[in-house]
Protein chains: 2
Amino acid sequence: MNDTNQTVGSTTYQKIKRDIIFGALRPGSKLKLDMLKERYDASLSTLRETLNRLTSEGFVEAPAQRGFFVKPVSVEDLEEIANLRTLLECHALGLSIQNGDAEWEGQLVAAHHKLHLMEQRMLAGDESQVELWKRYDWEFHLAMIQACKSKNLLSLHATLFDKYLRYQMLVLTNRGEVAIREHKAMFDATLARDTATAQRLLDEHIRSGWQHTLASVSWGTSG
Amino acid sequence: MNDTNQTVGSTTYQKIKRDIIFGALRPGSKLKLDMLKERYDASLSTLRETLNRLTSEGFVEAPAQRGFFVKPVSVEDLEEIANLRTLLECHALGLSIQNGDAEWEGQLVAAHHKLHLMEQRMLAGDESQVELWKRYDWEFHLAMIQACKSKNLLSLHATLFDKYLRYQMLVLTNRGEVAIREHKAMFDATLARDTATAQRLLDEHIRSGWQHTLASVSWGTSG
DNA sequence: AAGATTAAAATATCATATATTATTGTCAGG
DNA sequence: CCTGACAATAATATATGATATTTTAATCTT
């Protein structure tokens, strides 16, 4: 039997999504099928299936009969994404604090520890593992809300987080020590089951990250 | 040139989605490609693209290498959907009341009027146009939040509304006069720009609809 | 009746073919 | 030099058939 239970479809999906989030496929650029076929080594059918999935998730646009394009970025979209992520993540955090058991606490402590180690390395100037760092960031935020007991909520949040991440990667700004302090504070408030404080900190965390991202870019307001 | 700008892909997408929401395709049932091919008169490629879209929206499940299934229903899922719809719709309603202009008010009045007419007919016992009635219900709720100025939010809400609608159709219970009063009350509060009241009424509206739906079913708790 | 083996069905993927639609380039007329 | 009509080209949407792999069903054995 095979090592991976991955199908060609699912791996291409992951690759393309990753390339969109991390900017290898630039916002607004045309996704020509021939090009993709060569680049991802998959058949036309498989690629179209993949692109359809990404389209309905909002990472790709597909104007009728004109093929596929990487979803463009805009200030308005960033604002919407940030606000929605705040709404969903704060809500989920409240539920998670309410429902979380010892197992949840354990995973959270572990996730924060991993993230914290990586943050130290980033601070020290080691920029070589940005992608891994972002994954730990992802995992930390996920660990906080993991106990919310709503698969639907976690799924929506995951997509929003990825969309937000794309904007972060676009400007690749590291808020360094500030973000580290924010992560620690959220972590503490969450473990202390102080829902109101944890939610306020999370809101501020996302908001200030967004403002920081916004300040680092210079797009026009139109597409 | 053609009347419709619809492609085969988009029409099959709509048809299948509609059949899932309105129960023509039963929850949990296998979606055999040959069967679909015949039923929707589309090619395998097109069908797979469609099913991939519906999978990422959560109307279809696609366990690796075992084909496609209509997403099963469960009490837990209904609860999650109802809560998420409440969260997003109340949030959007607040924004919409804040931003809405005269144009928005006009559309809202129209939508409520259309819905109200249909509600009278349903009350009178005319059950022949359930689907149209539900569309007007949809349009009314959409009209309320239309001015929220967030495409992402509207898009998430639309999907959640459809998922919630599937549960409603599953038991096809009409809360009759109660729902009419609730709609009218929400409408009034919204036009009066009374955000707090409008949100409270909306929350109660969704919650009581959900309880009503829940009370009408007798699924086990497991998938 | 449980487990193993084989046969049949269905899926995932690919390669091609065709019709339709978009895009580009050319050229005449102003 | 610009504009619009028209042809040429490229790309997409859709369909079909083929193959390898995997599931599922059926059969046999103990």
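Labels below follow one simple rule: chain letters A, B, ... track the order of the sequence lines, proteins then strands, and each chain is numbered from 1.
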Between A:Phe69 and A:Ser45, which residue's closest nucleotide on DNA chain C lies nearer the 5′ terminus? A:Ser45

Between D:dT12, D:dT22, D:dT16, which nucleotide gets closest to the side-chain atoms of A:Arg48? D:dT12

Once you measure the plane-to-plane angle for B:His183 and B:His141, does it fall in the parallel (<30°), tilted (30-60°) or perpendicular (>60°) bin? perpendicular

Whole-Å distance separating the CZ atom of B:Phe68 from the P atom of C:dT11: 9 Å

Atom CG of B:Leu31 to atom P of C:dA12: distance rounded to whole Å? 12 Å

Counting only heavy atoms from other residues, nucleotides and ligands, does the tally under 6.0 Å from NZ of B:Lys30 exceed 12? yes

Length of the CG-C1' vector between A:Leu36 and D:dA11, whole Å: 13 Å

Whole-Å distance between D:dT14 P and A:Leu47 CG? 16 Å

Any idea how B:Trp138 and B:Phe161 line up, ring-wise: parallel (<30°), tilted (30 to 60°), or perpendicular (>60°)? tilted

Would you indicate, yes or no, if C:dT13 has its OP1 or OP2 atom less than 4.0 angstrom from a side-chain nitrogen or oxygen of A:Ser43? no

If you measure from the Lys or Arg side-chain nitrogens to the Asp or Glu carboxylate oxygens, is any gap between B:Glu139 and B:Arg135 under 4.0 Å? yes

Residue-phosphate contact under 4.0 Å: B:Lys30 side-chain N/O, C:dT11 OP1/OP2: yes

Would you say a side-chain N or O of B:Arg66 is under 4.0 Å from OP1 or OP2 of D:dT24? yes

A:Thr46 near the nucleic acid: base, sugar-phosphate alone, or nothing, with a heavy-atom cut-off under 4.0 Å? sugar-phosphate

Of the nucleotides C:dC14, D:dT14, C:dT11, which one has an atom closest to the side chain of A:Val8? C:dC14

What's the CD-C1' distance between B:Glu49 and D:dT14, to the nearest Å? 9 Å

Whole-Å distance, A:Asn52 CG to D:dT12 P, equals 13 Å

Compute the ring centroids of B:His91 and A:His91, then answer whether they are less than 6.0 Å apart. no

Polar side-chain contact A:Thr7-C:dA12 base: donor and acceptor under 3.5 Å: no

What is the distance, rounded to the nearest whole Å, between atom NZ of B:Lys32 and atom P of C:dA12? 13 Å

Nearest-angstrom distance from the residue atom CG of B:Leu51 to C1' of C:dT13: 16 Å

